[in-house]
Amino acid sequence: MPAPQPIPAEELRAAVDAVRPWLAGEAGQPPRSVLGAAVRTSARWLAQQVPGRSVELRVPPHVAVQLVPGPRHTRGTPPNVVETDAATWLRLATGELTWADAVAGGAVSASGNRADLSGHLPLRPLR
């Protein structure tokens, strides 16, 4: 299977801009397809910027990606897992929420010594 095409920054911005009014509390929740596109595009964009297989980022039910260089995980539950909901992920990606606040507030579950994504957030094109 060929490698996926890189996601351009413009595509990332367009996908996330479609949900910004909802994130700001200025609009109702967008359709699942729009929300899913923003989550998938942003998570995959991060995975292309920080390639690897040592951390699994999960934003159910939309996406799970592997990223961060280090030991590769192949079977069972990965030792380094980050899991959160769509709104929290998008707020982290855009800089509306800090990693420390999300973890302290229980909005992000991060297990493993490589699971700290604070150095990669917010995503550069979304700042």
* Asked: Of all heavy-atom pairs between Gln48 and Pro6, which one has the smallest distance, and what is that distance?
  -> OE1-CA, 3.3 Å
* Asked: If you take all heavy atoms of Ala38 and Ser42, which pair is closest and at what distance?
  -> O-OG, 2.8 Å
* Minimum heavy-atom distance Ala43-Leu57, with the two atoms named -> CB-CD2, 4.0 Å
* Of all heavy-atom pairs between Ala115 and Ala110, which one has the smallest distance, and what is that distance? -> O-CB, 3.9 Å
* Is there a side chain to side chain contact (heavy atoms under 4.5 Å, CB included) between Trp45 and Val65 once you walk through the steps? -> CA-CA 10 Å; Trp45 192 89; Val65 295; over 6 Å; no
* To do: Any pair with a residue in residues 21-38 that passes side chain to side chain donor-acceptor pair (under 3.5 Å), sequence neighbours left out, goes on the list, sorted by first then second residue, please.
  => none
* To the nearest 0.5 angstrom, please state how far the CG atom of Leu67 sits from the CD atom of Glu56. => 9.5 Å
Donor-acceptor contacts under 3.5 Å from residues 98-108 side chains, at least two apart:
| residue | atom | partner | partner atom | Å |
| --- | --- | --- | --- | --- |
| Thr98 | OG1 | Asp101 | N | 3.1 |
| Thr98 | OG1 | Asp101 | OD2 | 3.2 |
| Trp99 | NE1 | Asp116 | OD1 | 3.2 |

* Arg114 side chain to Pro69 main-chain N or O, any donor-acceptor pair under 3.5 Å? -> yes
* Asked: Ala15: what forms a side chain to side chain contact (heavy atoms under 4.5 Å, CB included) with it, not counting sequence neighbours?
  -> Thr41
* Kindly determine whether Val63 and Trp89 satisfy side chain to side chain contact (heavy atoms under 4.5 Å, CB included), including the steps that lead there. => CA-CA 11 Å; Val63 72; Trp89 167 249; over 6 Å; no
* Structure fact -> Partner of Ser111 under side chain to side chain contact (heavy atoms under 4.5 Å, CB included), picked from Val82, Val55, Asn80, Val81, is Val81
* To do: Please answer whether the main-chain N or O of Leu23 pairs with a side-chain N or O of Arg91 as donor and acceptor at a distance below 3.5 Å.
  => yes
* Heavy-atom closest pair, residues Ala86 and His62 -> CB-CD2, 4.0 Å
* To do: For Leu90 and Leu35, run side chain to side chain contact (heavy atoms under 4.5 Å, CB included): C-alpha distance rounded to whole Å, both residues' side-chain angles, the deciding distance at 0.1 Å, then the answer.
  => CA-CA 9 Å; Leu90 292 168; Leu35 180 57; 3.7 Å; yes
* Asked: Looking only at heavy atoms, which two atoms of Gln66 and Ala47 are closest? And how far apart?
  -> O-CB, 3.8 Å
* Asked: Are the side chain of Ser109 and the backbone N or O of Glu83 linked by a donor-acceptor pair below 3.5 Å?
  -> no
* Asked: Does the side chain to side chain contact (heavy atoms under 4.5 Å, CB included) test come out yes or no for Leu117 and Val68, once each step is laid out?
  -> CA-CA 9 Å; Leu117 299 180; Val68 180; 4.1 Å; yes
